Amino acid sequence: IEQAVTCLHIALNALALWFMWHIVWKRSCQDRFRQNLFEIRDELFDFARQGGIDFTDPAYVALRSNINSLIRFSHRINVLRLVLFTLLQCFIGDLPEPYPYLPAALAHVKGRHAKETLTAINVKVARQLMRLLMLSSPFIVIVGPALFLLDEWINRRPAANSKCPSQSPITSVIELQARKAYRSEAVKRSQEIELVGAIS
C-alpha cells in the first residue's frame with residue numbers, strides 16, 4: 001500500500017507539473033508574445049499612416065503579413081518543429097514565398113529613415129520570437145548553437161548564394177514556417193467560401 005501511495009503521489013505531482021508547464025506557463029508565454037506583436041504591428045501601421053511608407057509597398061506588405069502569420073500560428077512555434085525544419089532544408093531547399101521575400105523587400109525600401117524604421121521593427125519581431133523560444137522551450141539553449149551553425153552552412157551552399165540576403169538564421173526558419181501555414185489557411189478559407197457559394 002505504501003508503494004502504491006508513493007506512486008500515486010509521483011503521478012499526481014507529474015500531472016500537476018505537466019499542467020502548469022503546458023497549459024498555464026506556455027499559454028501565458030504565447031499570449032504575451034501575441035500581445036507584444038499586436039503592439040509592434042500597431043507601430044508599423046502608425047508609421048505607414050503618418051506617411052513613412054506606402055501601405056502597398058512590398059516591404060510593408062511582407063512585414064505586416066509576417067507579423068500576422070506569427071500572431072495566428074504562434075502555438076506552432078517550438079524547438080522540435082525548428083529542428084525538423086532546419087534538417088529538412090538540406091533536402092528540400094527553400095520553400096516558395098506566398099508574398100514578397102522580406103529581406104529583399106526591406107533592402108529595396110526607398111529612404112533611409114523608412115528602411116531603418118522597418119528594419120528596427122523586424123528586429124523587434126525577431127527578438128520576441130527568441131524570447132518566446134527561450135521561455136517556452138528551454139532546450140533552445142542546447143540545440144540553438146547547433147541549429148545556427150547548420151543554417152549558416154545551408155545558406156552558404158552555391159544554390160543559396162544567389163538568393164536574397166538572409167534574415168537571422170533561426171528566426172527566418174520559424175517565420176517561413178508561419179508563412180507557409182498562413183498560405184495553407186488562406187487556401188482553405190477560399191475553398192470554404194467557394195463551397196458556401198456553390199451551395200447557396
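As the structure is a prediction and not an experimental result, all values here were calculated from the model.
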Query raised in the report: Quick check: does any side chain N or O of N122 sit under 3.5 Å from a backbone N or O of L118, one acting as donor and the other as acceptor?
Result: no
Requested in this report: Measure the CG-NZ distance between L44 and K124 for me, rounded to the nearest 0.5 Å.
Outcome: 10.5 Å
Would you list the atom pairs, donor with acceptor, under 3.5 Å between side chains in residues 47-58 and any protein atom, with sequence neighbours excluded?
unit_1	atom_1	unit_2	atom_2	d
R49	NH2	D46	OD1	3.2
D54	OD2	T56	N	2.8
D54	OD2	T56	OG1	2.3
D57	OD1	A59	N	2.8

**Report entry** Those residues that, when tested against E116, pass side chain to side chain donor-acceptor pair (under 3.5 Å) (two or more places apart)
**Finding:** R112
Query - Joint cluster assignment, L133 & V123, ILVMFWY side-chain distance < 4.5 Å - result: no
Query - Spatial distance of atom CZ (R34) from atom CZ (R27) [nearest 0.5 Å] - result: 10.0 Å
Query raised in the report: Going by side-chain heavy atoms closer than 4.5 Å, which hydrophobic residues are tied to L8, directly or by a chain of links?
Result: L12
Report task. Not counting sequence neighbours, which residues clear side chain to side chain donor-acceptor pair (under 3.5 Å) with Q30? List them please. Result -> none
Query raised in the report: Roughly how far apart are L106 CG and T117 OG1, rounded to 0.5 Å?
Result: 11.0 Å
Query raised in the report: With a 4.5 Å limit on heavy-atom distance, are the side chains of L135 and R32 in contact?
Result: no
Query raised in the report: Nearest heavy-atom pair of I40 and I121: which atoms, and what distance?
Result: CG2-CG2, 3.5 Å
Query raised in the report: How far does CD of E43 sit from CD1 of I67, to the nearest 0.5 angstrom?
Result: 9.0 Å
Requested in this report: Decide yes or no for W25 and C29: does some side-chain heavy atom of the first lie under 4.5 Å from some side-chain heavy atom of the second?
Outcome: yes
**Report entry** Residue pair K110 / K115, side-chain heavy-atom distance below 4.5 Å
**Finding:** no
**Report entry** Spacing of CG belonging to D42 relative to CG belonging to L37, to within rounding of 0.5 Å
**Finding:** 11.0 Å
**Report entry** Sequence-distant partners of R64, side chain to side chain donor-acceptor pair (under 3.5 Å), two or more places apart
**Finding:** none
Report task. Examine L70 and F38 and state if one hydrophobic cluster contains both, with Ile, Leu, Val, Met, Phe, Trp and Tyr joined whenever side-chain heavy atoms are less than 4.5 Å apart. Result -> yes
Report task. Using the test side chain to side chain donor-acceptor pair (under 3.5 Å), find all partners of Q35 that sit at least two apart in sequence or belong to another chain. Result -> none
Report task. Take F33 and L129 through the side chain to side chain contact (heavy atoms under 4.5 Å, CB included) test and state the conclusion after the steps. Result -> CA-CA 8 Å; F33 173 71; L129 273 170; 3.7 Å; yes
